[in-house]
Chemist: 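Below is a structure I'd like to ask you about.
Residue numbers run from 1 in the order of the sequence given. Only heavy atoms go into these numbers, but all of them, side chains included; no hydrogens, no water, no symmetry mates.
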Amino acid sequence: MLVSTAVRTATKRLIPLLALAYLLNYIDRVNVGFASLTMNADLGLSAAAYGLGAGLFFIGYFFFEVPSNVILHRVGARIWIARIMVTWGVVASSTAFIQGEIGFYVVRVLLGIAEAGFFPGIILYLTYWFPRVERARIVALFFLAVPLSSVVGGPLSTWLISVGDGALGFDAGWRFMFFVEGIPAVLLGIAVLWLLPDRPTRARWLPADQAVALEERIAAEDAAAAGQDRGVAAALRDGRVVALSVVYFGIVFGLYVLAFFLPQIVAGFEQQFGADYSLVEVGLITAVPYAIASVTMVLWARHSDRSGERGLHVAVPAVVGAVAIAGALYMDSPLLVMACVTVCAIGVFAAIPPFWALPNAFLTGAGAAAGIGLINSFGNLSGFAGPFVAGWLKDLTGDSRAGMWVVAVMMLMSAAIVVGFRRTAQRAAAADAAERTGDRQQ
């Protein structure tokens with residue numbers, strides 16, 4: 001009773017704050033997709049150059065992700081999350097002042113370095129607060145920020161671009177958009193210093209008996225975890241961590257190709273189908289798949305928690321998403337294309353919350369900090385590969401269909417690996433149970 005009450009209180013207190021922070025994080029990461037509608041011409045960027053710059057974010061992100069997460073585990077989430085948010089907000093706003101291709105590349109690398117550790121840090125932080133049976137649902141509620149960032153960020157970003165010419169002295173609307181959208185992260189980052197307790201027993205709003213009961217429950221689960229805390233080096237060498245890194249790479253590949261290129265796909269309906277959309281209408285249309293995906297993601301995560309099954313809850317939506325994005329290439333109207341894109345978005349987002357329950361099943365402590373950081377950093381390298389490959393193929397072929405085929409293949413790869421991972425885990429669990437039975441009989 002104490003634990004369940006504490007979980008409900010923590011959900012109400014922490015998840016809205018964390019989701020808002022991640023919403024700002026994701027807007028500042030992918031608003032470049034909306035800026036590209038006018039920025040590319042202003043800076044003279046080809047599709048390949050834009051894709052390279054959009055993806056360079058993840059190079060800095062990759063190299064600093066694991067160290068950042070280990071530091072968070074040592075110094076506490078409150079201080080480190082605040083530092084990350086203030087830094088990325090400053091860099092995001094400074095994108096307004098870039099003058100050419102090189103400047104675009106540099107600021108994207110710096111933004112990746114600034115943001116490194118935020119998402120895996122929050123995933124790690126949630127393990128300090130929520131029992132394992134709750135985590136897919138909790139991650140889904142937190143991850144709602146991503147589709148909602150497109151529901152809110154798409155129309156907001158395109159509106160700021162449309163009204164920003166000349167505002168605050170900026171000569172282009174996209175510059176005004178970057179400057180304005182970076183400021184909230186700085187302000188919320190400062191507020192985090194007062195609003196984000198490191199652990200239950202440090203939360204002023206949680207009664208002492210509930211806080212102690214919650215920490216004891218989580219500590220008992222961690223002690224019983226299959227891997228226990230074997231340290232940073234052991235976690236980084238674990239074959240399961242490597243396998244899950246590849247799985248996440250394939251899932252996130254589709255996420256970032258949609259984020260960075262969906263606005264251009266919608267804008268391309270004019271040439272492909274004769275449709276005519278304003279800049280704001282493009283933002284509104286791109287919001288639709290994410291709005292629907294956000295609802296489906298929460299329902300699917302709850303089903304995963306109730307059933308206790310994780311692997312198939314990752315693999316099934318990945319396959320559905322792969323088939324849908326491939327089908328979009330053969331549709332003959334904007335409505336049918338967007339229907340397929342929506343199903344793909346549902347598949348991508350539904351797979352992610354159950355996925356993060358997989359490493360949490362065998363990683364704890366410093367090993368969890370390092371393992372989660374590695375999985376997320378390697379997986380997010382697809383944020384570099386996806387836009388670059390999609391942009392290169394668009395320049396090569398003249399349309400975006402080849403890039404979408406790559407998305408389908410990567411998501412199918414993830415589904416196949418996670419099914420194999422699930423079977424291996426089942427065999428290991430059966431062998432462990434048999435060994436314990438034998439010990440008791442002796």
Chemist: Is the ring pair Phe253/Phe249 parallel, tilted or perpendicular, if the boundaries are 30 and 60 degrees?
Modeler: tilted
Chemist: Within the side chain of Asp305, is there an N or O that forms a donor-acceptor pair under 3.5 Å with the backbone of Arg137?
Modeler: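 Such a contact is found between Asp305 side chain and Arg137 backbone.
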Chemist: Which is it for Val337 and Val266 under the side-chain contact (heavy atoms from CB on, under 4.5 Å) test, yes or no, and what are the steps along the way?
Modeler: CA-CA 9 Å; Val337 171; Val266 174; over 6 Å; no
Chemist: Specify the closest pair of heavy atoms between Arg83 and Ala116, including all atoms of both residues, with the distance to one decimal.
Modeler: NH2-O, 4.5 Å
Chemist: Quick check: do Ser93 and Ile183 have side-chain heavy atoms less than 4.5 Å from each other?
Modeler: yes
Chemist: Roughly how far, to the nearest 0.5 Å, is CD1 of Ile59 from CZ of Arg108?
Modeler: 12.0 Å
Chemist: Taking side chain as C-beta onward, heavy atoms only, is Leu37 less than 4.5 Å from Ile161?
Modeler: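 Side-chain contact under 4.5 Å: no.
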Chemist: May I ask you to test the Met297-Ile352 pair for a side-chain heavy-atom distance under 4.5 Å?
Modeler: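 Side chain of Met297 against side chain of Ile352, heavy atoms only: no contact under 4.5 Å found.
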Chemist: I'd like to check Val247 versus Phe421 (side-chain heavy atoms, cut-off strictly below 4.5 Å). Are they in contact?
Modeler: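 Counting from C-beta outward, Val247 and Phe421 never come under 4.5 Å.
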Chemist: Does Glu309 use its side chain to pair, donor to acceptor, with the backbone of Ser304 at less than 3.5 Å?
Modeler: no
Chemist: So which atom in Ile375 and which in Ser245 form the shortest heavy-atom distance, rounded to 0.1 Å?
Modeler: CA-OG, 3.4 Å
Chemist: May I ask you to test the Leu124-Leu72 pair for a side-chain heavy-atom distance under 4.5 Å?
Modeler: yes
Chemist: Do the non-hydrogen side-chain atoms of Val320 and Ile346 ever get within less than 4.5 Å of each other?
Modeler: no
Chemist: Classify the ring geometry between Tyr248 and Phe355 as parallel (under 30°), tilted (30 to 60°) or perpendicular (over 60°).
Modeler: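 The arrangement is parallel - the two ring planes meet at less than 30°.
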Chemist: How close do Pro155 and Ala287 get, counting heavy atoms only, and between which atoms?
Modeler: CD-CB, 4.3 Å
Chemist: List the steps and the verdict of side-chain contact (heavy atoms from CB on, under 4.5 Å) for Leu196 and Leu18.
Modeler: CA-CA 9 Å; Leu196 196 70; Leu18 296 175; 3.8 Å; yes
Chemist: Looking at every heavy atom in both Ala172 and Asp42, which two are closest together, and how far apart are they?
Modeler: CB-OD2, 3.9 Å
Chemist: For the CG atom of Asn31 and the OG1 atom of Thr158, what is their distance to the nearest 0.5 Å?
Modeler: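 Answer for the CG-OG1 pair, Asn31 versus Thr158, is 11.5 Å.
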Chemist: Could you please spell out the steps behind the side-chain contact (heavy atoms from CB on, under 4.5 Å) verdict for Leu244 and Ile417?
Modeler: CA-CA 8 Å; Leu244 291 178; Ile417 294 174; over 6 Å; no
Chemist: Taking the six-membered ring for Trp, are Tyr125 and Trp129 parallel (under 30°), tilted (30 to 60°) or perpendicular (over 60°)?
Modeler: tilted
Chemist: Kindly give the heavy-atom pair with the smallest separation between Leu312 and Pro317, and that separation in Å.
Modeler: O-CD, 3.9 Å
Chemist: Could you state the interatomic distance from OG (Ser36) to CG (Leu43), rounded to the nearest 0.5 Å?
Modeler: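 Atom-to-atom, Ser36:OG and Leu43:CG are 11.0 Å apart.
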Chemist: To the nearest 0.5 Å, what is the distance between CZ (Phe104) and CG (Leu56)?
Modeler: 8.5 Å
Chemist: Would a 4.5 Å heavy-atom cut-off, applied to side chains only, mark Glu115 and Val91 as touching?
Modeler: no
Chemist: Are Trp356 and Phe119 near enough that their ring centres are under 6.0 Å apart?
Modeler: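 Yes.
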Chemist: Minimum heavy-atom separation for Ala301 and Ala140, please, with both atom names.
Modeler: CB-CB, 3.4 Å
Chemist: Can you tell me how the ring of Trp300 sits relative to the ring of His313, calling it parallel under 30°, perpendicular over 60° and tilted otherwise?
Modeler: tilted
Chemist: Using 0.5 Å steps for rounding, measure from the CG atom of Leu126 to the CZ atom of Arg135.
Modeler: 8.5 Å
Chemist: Measuring only between side-chain heavy atoms, which start at C-beta, is Thr296 closer than 4.5 Å to Phe349?
Modeler: no
Chemist: Evaluate the side-chain contact (heavy atoms from CB on, under 4.5 Å) criterion for residues Ile122 and Tyr22: first the C-alpha distance (whole Å), next the side-chain angles of each, then the deciding distance (0.1 Å), finally the verdict.
Modeler: CA-CA 9 Å; Ile122 298 301; Tyr22 196 34; over 6 Å; no
Chemist: Donor-acceptor pair, Arg199 side chain versus Tyr128 backbone, under 3.5 Å?
Modeler: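 Between the backbone of Tyr128 and the side chain of Arg199 there is no qualifying donor-acceptor contact (under 3.5 Å).
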Chemist: For the CZ atom of Phe118 and the OG atom of Ser68, what is their distance to the nearest 0.5 Å?
Modeler: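 Here the rounded value is 11.0 Å.
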Chemist: Within the side chain of Arg175, is there an N or O that forms a donor-acceptor pair under 3.5 Å with the backbone of Ile98?
Modeler: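 Such a contact is found between Arg175 side chain and Ile98 backbone.
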Chemist: Take atom OH of Tyr105 as the centre, draw a 6.0 Å sphere, and report whether it contains more than 12 heavy atoms from other residues, nucleotides or ligands.
Modeler: yes
